[in-house]
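Computed from a prediction, not measured in an experiment: that's the story for all the values here. Residue numbers begin at 1 in each chain, while the letters A, B, ... track the order of the sequences.
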Number of protein chains: 2
Amino acid sequence: MAEQVSEQTTNRLSLYLRFLNELEAGGVRTVSSKVLAARFDLNAALIRKDLSHFGDLGVRGVGYVVVDLRQRLRQILGLDRRLNVTIIGAGNLGFALADYPGFRKEGFRIVALFDTLPDKVGRRSRSGVPIHDIRDLKRVARQEQITIAVVAVPAESAQVVVNTVVEAGIKALLNFSPGALRVPPDVKLKSVDLTVSLESLSFHLARGVDRPPRP
Amino acid sequence: MAEQVSEQTTNRLSLYLRFLNELEAGGVRTVSSKVLAARFDLNAALIRKDLSHFGDLGVRGVGYVVVDLRQRLRQILGLDRRLNVTIIGAGNLGFALADYPGFRKEGFRIVALFDTLPDKVGRRSRSGVPIHDIRDLKRVARQEQITIAVVAVPAESAQVVVNTVVEAGIKALLNFSPGALRVPPDVKLKSVDLTVSLESLSFHLARGVDRPPRP
DNA sequence: TGATGTGAAGAACTTCACAGCA
DNA sequence: TGCTGTGAAGTTCTTCACATCA
């Protein structure tokens, strides 16, 4: 239970949790690894392995008790506490993310936007998130107890911004800028590279996605 | 050279290409797998393996000729042709993506937005992308030769929208909605799940990102 | 009986180490 | 000599198969 848990397992835990939310809302009492597997097109053993990292969460012969597993997953994922998020970069993407309803749903709160442009600073996003000057990041981060930063700035300024964020003591970053960024080992950086995603699609189109599957 | 190439390899090819663009702009003649490896914090052998899937692209004792490798990668990734992209969902996120400069850079052209709301249809995004009625998807897709669709709609409508896109003959989808979506085997679906990404960060915060690295 | 938890087998991916060639 | 291309070894992740237990 104290071992390393892989990134892949972690990501799947999120998916399981989302499904458990639905099941609980629907009043379902228990769920088996088989049902979870069917839902996500995964192997049932993989789901049991994923969950077994965190103790014996299931009941033999029965499956997993929905309310219990849901609560446990929320705890494991750290969603049982307040998570204050900031978005750096009040451009189109930053604004869209600030108002993205999906974030709010699982308990994340977008508490601040940051930018450098004087005519943006002082304003608010549509949903009311205030825009601060990036120079105030450290102070605001402490005041608002921000633990996660979303970086949505142009590629050129990405590394500088990331450095600023790290200096402000924030240990978890979700980055939307392209390019290789460096962070200290105690900081967790997760990147969403939109260009890589599109190019991967282009590759599949170029190759032909319908070539015969492995023999 | 005709074998299966893994998703992971494909994604890295995009990164290599981006770096080669910089090198070519800087007038650099050749680059070794070692230099590429240092840049991306990868093993040099991995880079050689990635590239060797596509023939003998390098020169022993020298490395890779920048202009040649760049051109070859663009070809492999299917970027040597026009790639017309549509965005389904003219909400905050859809608009932000439509105007995202990173897409245009590598030759992707956002040619259309789609939505269902009558007061959005007929308008244009800031950068001038016209918004169509989703019911016209099939016609517009053919007219504009759209090969890639970006899905940025609320979770509830995602599967319906994906079905519509598939019916319109589009074989490559980049999806931003949460949840498990189904597509036929000849369609390539790539999903960016923002909630999963944030929850993965939350997990690392909860566990402590600075626990001792593997012994 | 039915579904979990898990050691062992298998598959996929990465790194090592070196032959081979400019 | 220097760097690629690649078989073999190593590592990580997934699936199989079954003992175990409610």
Inset, instruction - Please work out which residues in residues 13-35 of chain A have a non-hydrogen atom less than 4.0 Å from an atom of DNA chain C and list them by number. - result: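 Under 4.0 Å from DNA chain C: A/Ser32, A/Ser33.
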
Spacing of [X] atom [atom1] relative to [N] atom [atom2], expressed in whole Å:
X	N	atom1	atom2	answer
A/Glu7	C/dT14	CD	P	15 Å
A/His53	D/dT14	NE2	P	10 Å
B/Asp41	C/dT15	CG	P	10 Å
A/Gln4	D/dC13	CD	P	10 Å
A/Leu57	C/dT6	CG	C1'	15 Å
A/Asp56	D/dC21	CG	C1'	11 Å

Legend entry - Between A/Asn11 and A/Lys190, a side-chain donor and acceptor under 3.5 Å: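 Checked: A/Asn11/A/Lys190 side chains pair up, N/O donor to acceptor below 3.5 Å.
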
Legend entry - B/Ser197-B/Ser200 side chain donor-acceptor pair, cut-off 3.5 Å: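 Judged by distance alone, the side chains do not pair up.
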
Inset, instruction - Compare all side-chain heavy atoms of B/Val165 with those of B/Leu137 and state whether any distance is below 4.5 angstrom. - result: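 Contact flag for B/Val165/B/Leu137 side chains = yes.
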
Between [Y] and [X], does any NZ, NE, NH1 or NH2 come within less than 4.0 Å of an OD or OE carboxylate oxygen?
X	Y	answer
B/Glu106	B/Arg18	no
B/Arg139	B/Glu144	no
A/Arg29	A/Asp68	no

Inset, instruction - Kindly say if A/Gln8 contacts the phosphate of D/dT14, meaning a side-chain N or O under 4.0 Å from OP1 or OP2. - result: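 Result: yes.
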
Inset, instruction - Check whether any side-chain nitrogen or oxygen of A/Tyr64 sits under 4.0 Å from OP1 or OP2 of C/dG5, and answer yes or no. - result: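 Result: yes.
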
Inset, instruction - Determine the interplanar angle of the A/Tyr16 and A/Phe40 rings, folded into 0 to 90°, and report it as parallel if under 30°, tilted if 30 to 60°, perpendicular if over 60°. - result: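 Ring orientation, 0 to 90° scale: tilted.
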
Legend entry - Expected output: side-chain A/Thr30 to main-chain A/Gly63 donor-acceptor under 3.5 Å: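 Between the backbone of A/Gly63 and the side chain of A/Thr30 there is no qualifying donor-acceptor contact (under 3.5 Å).
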
Inset, instruction - Assign a letter to each nucleotide of nucleotides 16-22 of chain C from its 5' end: B, base within under 4.0 Å of a protein heavy atom; S, sugar-phosphate only; -, no contact. - result: BB-BBBS

Inset, instruction - Determine the contact category for A/Ser6: base if any of its heavy atoms lies under 4.0 Å from a base atom, sugar-phosphate if only primed atoms, P, OP1 or OP2 are that close, otherwise nothing. - result: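 Sugar-phosphate, backbone atoms only, no base.
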
Inset, instruction - Could you say whether B/Leu51 or A/Leu46 is positioned toward the 5' end of DNA chain D, judged by the nucleotide with the nearest heavy atom to each? - result: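 Nearest nucleotide further toward 5': that of B/Leu51.
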
